Amino acid sequence: MNVTLAPSRMMVPAALSVGVVVGVMGPLLTRQAVDGGRETVGGPVGHVVHLISSAGWSWAALAFAVGWVCRSGRRAVWLAPATLVVAVAAYYLVKLGQGEFRAYPLVPGGPGDGASMPIDWGSMAGSMTVWWIGALAFGPLLGTAGAHARDRRPHGWLLHLLVPAIAIVDMSLRLPGDPELDGQLTVDTWNVVRVTALLAAAAVAVIAARAALTARRT
């Protein structure tokens, strides 16, 4: 059995379930800080997982992976964005449950609590809409790329460069960072992700080159 191809009956609920997990992972690894902001939980590991699960490149990787396990590009073109849409909804529902998107800031020890304050539905809807538009715009492209990346020919291998390239750009926009403002662990995580993405891209390029040479010989 080819493990890269999930059974049709399981593929859709499995992909959407993974989308929910990815969506809730980032906000669930945070809690309210004393100053009213958010802080991560779970120690250094929890902080690193929070950073990775909340990064744009990891969501791009999710859409690419959904396309990769699909049996056809026709399914990938709608299932990948659907997974991202579900992930965005899950993310913001958790944020709402944590007391965000209230009409007034929640101050620890102040009058009332998050549950008693009116919800700023406009702010929440606006944020969700922006990310939903991104999911619907880029999800089909990433899903289709993932579906065609199963091809063992050179162009299929080259499509594997897409996620590392997104990760490199994403991390490069965040770096060099400020250890005092961002935290040394955050800066170190961004650097490790960027170096890992560069190494992955180099490995894929070598494999694609070897596949091209093999194709010419045959």
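Given the structure is predicted, the values throughout are model-derived calculations rather than measurements.
Contact between Gly56 and Asp170 at its shortest, heavy atoms only, is N-OD2, 3.2 Å. Between Gly139 and Ala80 the shortest heavy-atom distance is O-CB, 3.5 Å. Between Pro13 and Ser17 the shortest heavy-atom distance is O-OG, 2.7 Å. Closest approach of Ile52 to Trp57, counting heavy atoms only: CG2-CZ2, 3.8 Å. Residue Ser58 comes nearest to Ser53 through the heavy atom pair OG-O, 3.6 Å, listed as atom of the first residue, atom of the second, then distance. For the pair Ala55 and Met171, the tightest heavy-atom approach, listed with the atom from each and the gap, is CB-CE, 4.4 Å.
Looking at residues two or more places apart in sequence or on another chain, you find no side-chain hydrogen bond (donor to acceptor under 3.5 Å, both in side chains) involving Trp132. The ring-ring contact (aromatic ring centres under 6.0 Å, His included) check on Tyr92 picks up Phe101, with sequence neighbours excluded.
For residues 151-161, the set of pairs meeting the side chain to side chain donor-acceptor pair (under 3.5 Å) definition, not counting sequence neighbours, comprises Asp151-Arg153, Asp151-His155.
Looking only at atom types and distance, the side chain of Thr30 has no donor-acceptor partner in the side chain of His50 under 3.5 Å away.
The hydrophobic clustering, which links ILVMFWY residues whose side-chain heavy atoms are closer than 4.5 Å, places Leu96 and Met25 apart. Val206 and Val195 are members of different hydrophobic clusters when ILVMFWY side chains are connected at heavy-atom separations under 4.5 Å. Tracing side-chain contacts under 4.5 Å through hydrophobic residues (I, L, V, M, F, W, Y), one reaches Val48 starting from Trp190; they form part of the same cluster.
Ile166 contributes atom CD1, which lies 11.0 Å from atom CG of Leu161 (distance to the nearest 0.5 angstrom). Remark: Thr189 OG1 to Gln184 CD distance equals 9.5 Å, nearest 0.5 Å.
Contact of the Ile168 side chain with the Leu198 side chain is registered, since non-hydrogen atoms from C-beta on lie closer than 4.5 Å. The side-chain heavy atoms of Trp59 and Val22, taken from C-beta on, include a pair separated by under 4.5 Å.
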